[in-house]
Amino acid sequence: MSRLLTLVLMAALVVATVAPEADAISRVGRSLNYLEVFAGHAKPVGEVEFVNVIGPDYNYDTEDLYGSTYFMGVGLGQVRAGHLGWGVGFRFTKMELSDDIDEFFTGTEGLSFNQYDVDLNINYYLTDVASSPFAPYVGLGVAAGLMSPRFEEDNFEYDSELKALAGLNFGFDLRLSQNADGSQVSLVSMNRYDFMSTSERPHYLNIGVALRYYVRP
């Protein structure tokens, strides 16, 4: 619970810090609104923490519990003054247990988890997205949503739970086309390294790509 509160406070702090600055610079720079669809590969990294109510907490390497998987989603946002971007979106991640862990916990194969997240991302582009065909970026991503179990056989019970995480965003925006009205289409390298989460939620290195359509506000 304390880690969930930390993540919520981190998201609130990012928004509170960035919003006034973004509003100020948008008055002197060009802004672009965008809509995107994305998908990618997720490789387990780091550790998964399990909270023990009657003893010390314990951690496992994520790759010992979970296999590589995929994610997909949609999002919208804005890049202000060509450099400061924010976005929100919906992301689905399929979380597959490794075969050995699956059989150990459930007595059968077929247990997996569906993670349904709402994402909040704040990114800074090193070059102007509106004028440069190539714009690398770094930033912070926070996600929260339901982790829901899925079974091939009805012999195991696990309730859906609210899980959250924070990750480091990095990638680039590669412009594919630009129109006279200022709208443009980009291919975006959309990556995140998860470094903090609530109990039992796995960390991934997310390597993805987005097709993004920009328009002038």
Side-chain angles (χ1 to χ4, degrees), residues 10-11 13-46 68-94 115 117-144 165-197 203-217:
M10 183 182 296
L13 180 61
V14 169
V15 173
T17 302
V18 170
E21 180 182 354
D23 183 64
I25 65 177
S26 66
R27 291 193 291 267
V28 297
R30 294 174 296 177
S31 298
L32 291 169
N33 295 334
Y34 67 80
L35 179 68
E36 65 185 3
V37 294
F38 59 85
H41 175 79
K43 174 182 172 55
V45 295
S68 295
T69 186
Y70 65 90
F71 63 91
M72 63 181 68
V74 296
L76 56 86
Q78 186 177 76
V79 178
R80 296 191 169 194
H83 293 278
L84 186 61
W86 65 267
V88 294
F90 171 79
R91 179 187 298 236
F92 168 79
T93 304
K94 184 72 171 180
Q115 181 70 44
D117 280 322
V118 174
D119 289 352
L120 170 63
N121 297 289
I122 302 295
N123 298 317
Y124 183 80
Y125 295 83
L126 303 182
T127 58
D128 191 328
V129 174
S131 60
S132 174
F134 181 77
Y137 72 87
V138 293
L140 177 68
V142 180
L165 64 74
L168 175 66
N169 297 334
F170 61 96
F172 59 84
D173 184 295
L174 179 64
R175 184 195 303 157
L176 300 179
S177 66
Q178 188 174 44
N179 300 318
D181 62 1
S183 63
Q184 60 188 61
V185 177
S186 291
L187 193 66
V188 181
S189 170
M190 190 173 181
N191 314 309
R192 186 183 71 200
Y193 183 89
D194 302 333
F195 63 82
M196 180 187 295
S197 71
H203 296 179
Y204 291 105
L205 171 60
N206 303 273
I207 303 296
V209 63
L211 185 63
R212 181 177 291 179
Y213 178 65
Y214 291 98
V215 294
R216 296 290 185 191

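This structure is a prediction, so every number in the text was calculated from the model and none was measured.
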If I take atom CZ from residue Arg216 and atom OG from residue Ser183, how far apart are they, to the nearest 0.5 angstrom? 9.0 Å
If you round to the nearest 0.5 Å, how far is OH of Tyr204 from CG of Leu165? 10.5 Å
Phe71 side chain near Thr69 side chain, heavy-atom distance below 4.5 Å: no
Between Val45 and Tyr193, is there a side-chain heavy-atom distance shorter than 4.5 Å? yes
Please round to the nearest 0.5 Å and tell me the distance separating atom CG of Leu76 and atom CG of Leu35. 6.5 Å
Are Asn121 and Trp86 side-chain neighbours, meaning at least one heavy-atom pair lies under 4.5 Å? no
Ser189 vs Asn191, side chain to side chain donor-acceptor pair (under 3.5 Å): CA-CA, chis, key distance, verdict: CA-CA 6 Å; Ser189 170; Asn191 314 309; 2.8 Å; yes
Taken in chain and number order and not counting sequence neighbours, the residues that satisfy side-chain hydrogen bond (donor to acceptor under 3.5 Å, both in side chains) with Asp117 are Gln115, Arg201
Between NE2 of His41 and OG of Ser68, what distance do you get to the nearest 0.5 Å? 4.0 Å
Yes or no on side chain to side chain contact (heavy atoms under 4.5 Å, CB included) for Tyr34 and Tyr213, after CA distance, side-chain angles and deciding distance? CA-CA 5 Å; Tyr34 67 80; Tyr213 178 65; over 6 Å; no
Straight-line distance of Leu126 CG to His83 NE2, nearest 0.5 Å: 9.0 Å
Could you tell me whether the side chain of Gln184 reaches within less than 4.5 Å of the side chain of Leu32, counting heavy atoms only? yes
Sequence neighbours excluded, the answer for side chain to side chain contact (heavy atoms under 4.5 Å, CB included) partners of Val188 is Tyr137, Asp173, Ser186, Ala210, Arg212
Among residues at least two apart in sequence or on other chains, which ones pass side chain to side chain contact (heavy atoms under 4.5 Å, CB included) with Ser132? Thr127
OH on Tyr124 to CG on Leu84, rounded to 0.5 Å: 8.0 Å
Do Tyr125 and Asn123 come within less than 4.5 Å of each other through their side chains, counting heavy atoms only? yes
What salt bridge (Lys or Arg N to Asp or Glu O under 4.0 Å) pairs are there with at least one residue in residues 119-128, not counting sequence neighbours? Arg30-Asp128, Arg91-Asp119
According to salt bridge (Lys or Arg N to Asp or Glu O under 4.0 Å), who are the partners of Arg175, at least two apart in sequence or on a separate chain? none
Quick one: closest heavy-atom pair of Asn169 and Gly141, and the distance? ND2-N, 3.3 Å
Salt bridge (Lys or Arg N to Asp or Glu O under 4.0 Å) contacts touching residues 182-194 (sequence neighbours left out): Arg192-Asp194
